[in-house]
Structures are given as C-alpha cells and as structure tokens.
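Okay, so here's the structure we're looking at.
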Amino acid sequence: MYEKDGVCYAGVPSSDMKVTEARVVDDLSMLVLFSTGETRLFDATPLPGYPAFKPLANRSIFNDFEINHGIVCWLGGELDLSPAKMYELSYSYESVA
C-alpha cells in the first residue's frame with residue numbers, strides 16, 4: 001500500500017505505466033496496449049465480485065469506457081482501474097499475423 005496526494009492505494013506505485021489504447025474483444029475482456037509497448041489481454045471477470053466494480057457486470061457499462069490520462073475509466077470517470085492492476089489481471093498476448 002502507498003499514499004499519493006492524500007489517497008491510499010493498494011499495490012506498488014508505477015508512475016510511468018499507462019494505458020495508451022484499449023478495445024473490448026469479448027465479455028469482460030479487452031486488449032490493452034500499455035505504455036511499455038506490450039499488448040495484453042485483460043480479464044475483468046473477477047471484478048464484478050467486488051462491490052465497487054459491480055456495475056461492470058453490465059456489459060454495456062463495461063463496453064463504454066474511456067482512457068483518461070492513461071487510466072481506463074467507466075461511468076464518466078466515477079469508476080477506474082489503475083494500469084498496474086490491469087496489467088496484473090492480464091495475460092501476455094501476441095497477435096497472429
């Protein structure tokens with residue numbers, strides 16, 4: 001856990017990792033391009049089990065995301081997930097040419 005600007009966060013701070021692009025590919029999964037240059041398959045299926053992320057069980061909410069300052073956000077910015085957590089919940093992905 002760490003604190004930044006008076007807010008406590010779980011995990012390890014990673015100030016340089018950002019999400020640069022993302023697109024939904026299936027129910028509660030998306031391909032995410034990180035500022036590291038890696039494209040990974042993000043699996044959000046465990047998230048709706050947590051009260052704060054319950055809205056993501058609604059596929060239309062999950063699909064309606066935006067990227068603000070390198071962070072994926074839903075519900076107009078009311079709900080977001082750190083790039084580090086997205087990376088943790090994702091898998092290496094190599095496209096087939």
Side-chain angles (χ1 to χ4, degrees):
M1 181 186 298
Y2 66 98
E3 180 183 339
K4 181 178 178 186
D5 299 327
V7 178
C8 289
Y9 297 91
V12 178
S14 179
S15 61
D16 57 342
M17 183 183 290
K18 295 182 182 198
V19 172
T20 58
E21 293 179 35
R23 70 178 170 95
V24 174
V25 293
D26 203 356
D27 287 344
L28 295 178
S29 65
M30 61 175 66
L31 283 178
V32 179
L33 176 62
F34 292 92
S35 57
T36 61
E38 292 177 85
T39 298
R40 296 177 60 89
L41 183 61
F42 168 61
D43 177 12
T45 54
L47 292 179
Y50 298 98
F53 292 98
K54 193 169 184 77
L56 296 184
N58 180 325
R59 299 309 192 260
S60 65
I61 290 174
F62 180 78
N63 293 349
D64 187 25
F65 69 92
E66 59 189 19
I67 300 171
N68 287 329
H69 304 288
I71 299 171
V72 173
C73 304
W74 296 270
L75 298 172
E78 291 182 31
L79 183 61
D80 62 40
L81 190 63
S82 75
K85 189 63 175 178
M86 289 189 85
Y87 190 92
E88 180 184 318
L89 294 173
S90 66
Y91 303 92
S92 182
Y93 177 85
E94 294 185 29
S95 68
V96 179

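Scope of the values below: all heavy atoms of this structure, side chains included, with no hydrogens, waters or symmetry mates.
Residues passing the ring-ring contact (aromatic ring centres under 6.0 Å, His included) test with Tyr87, sequence neighbours excluded: Phe34. Asp27 meets the salt bridge (charged side-chain N to carboxylate O under 4.0 Å, His left out) test with Arg59; sequence neighbours excluded. Remark: Glu21 engages no residue in a salt bridge (charged side-chain N to carboxylate O under 4.0 Å, His left out) (not counting sequence neighbours). For Thr20, there are no side chain to side chain donor-acceptor pair (under 3.5 Å) partners at least two apart in sequence or on another chain. Taking the side chain to side chain donor-acceptor pair (under 3.5 Å) definition, one finds that Ser92 meets it with nothing, sequence neighbours left out.
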Worked check of side-chain contact (heavy atoms from CB on, under 4.5 Å) between Leu81 and Phe53: CA-CA 9 Å; Leu81 190 63; Phe53 292 98; 3.8 Å; yes

Step by step, would you call Leu31 with Leu41 a side-chain contact (heavy atoms from CB on, under 4.5 Å)? CA-CA 5 Å; Leu31 283 178; Leu41 183 61; 3.9 Å; yes

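Separating the CG atom in Leu28 from the CZ atom in Phe62 is a distance of 5.5 Å, to the nearest 0.5 Å. Rounding to the nearest 0.5 angstrom, the gap separating the CE atom in Met86 from the CG atom in Asp80 is 10.5 Å. Considering NZ of Lys18 and CG of Asn68, their distance stands at 12.0 Å, rounded to 0.5 Å. Between Thr45 atom OG1 and Leu56 atom CG the span is 11.5 Å, to the nearest 0.5 Å.
In this structure, the side chains of Leu33 and Val19 stay at 4.5 Å or more apart for every pair of heavy atoms. In this structure the side chain of Pro83 reaches within 4.5 angstrom of the side chain of Ile71, judged on heavy atoms. Between Pro55 and Leu75, the closest side-chain pair of non-hydrogen atoms falls below 4.5 Å. Within the 4.5 Å cutoff, side-chain heavy atoms of Phe42 are placed close to those of Leu89.
No donor-acceptor pair under 3.5 Å is formed between the side chain of Ser29 and the backbone N or O of Val25.
A pairwise comparison of heavy atoms in Ala22 and Met30 identifies CB-SD, 3.9 Å as the closest pair. Closest of all the heavy-atom pairs between Phe65 and Val24 is CE2-CG2, 3.8 Å.
A single hydrophobic cluster is seen to contain both Val72 and Tyr50, as judged by linkage of ILVMFWY side chains at heavy-atom distances under 4.5 Å, directly or through other members.
Applying the salt bridge (Lys or Arg N to Asp or Glu O under 4.0 Å) definition to pairs two or more places apart or across chains, those involving residues 30-53 are Glu38-Arg40.
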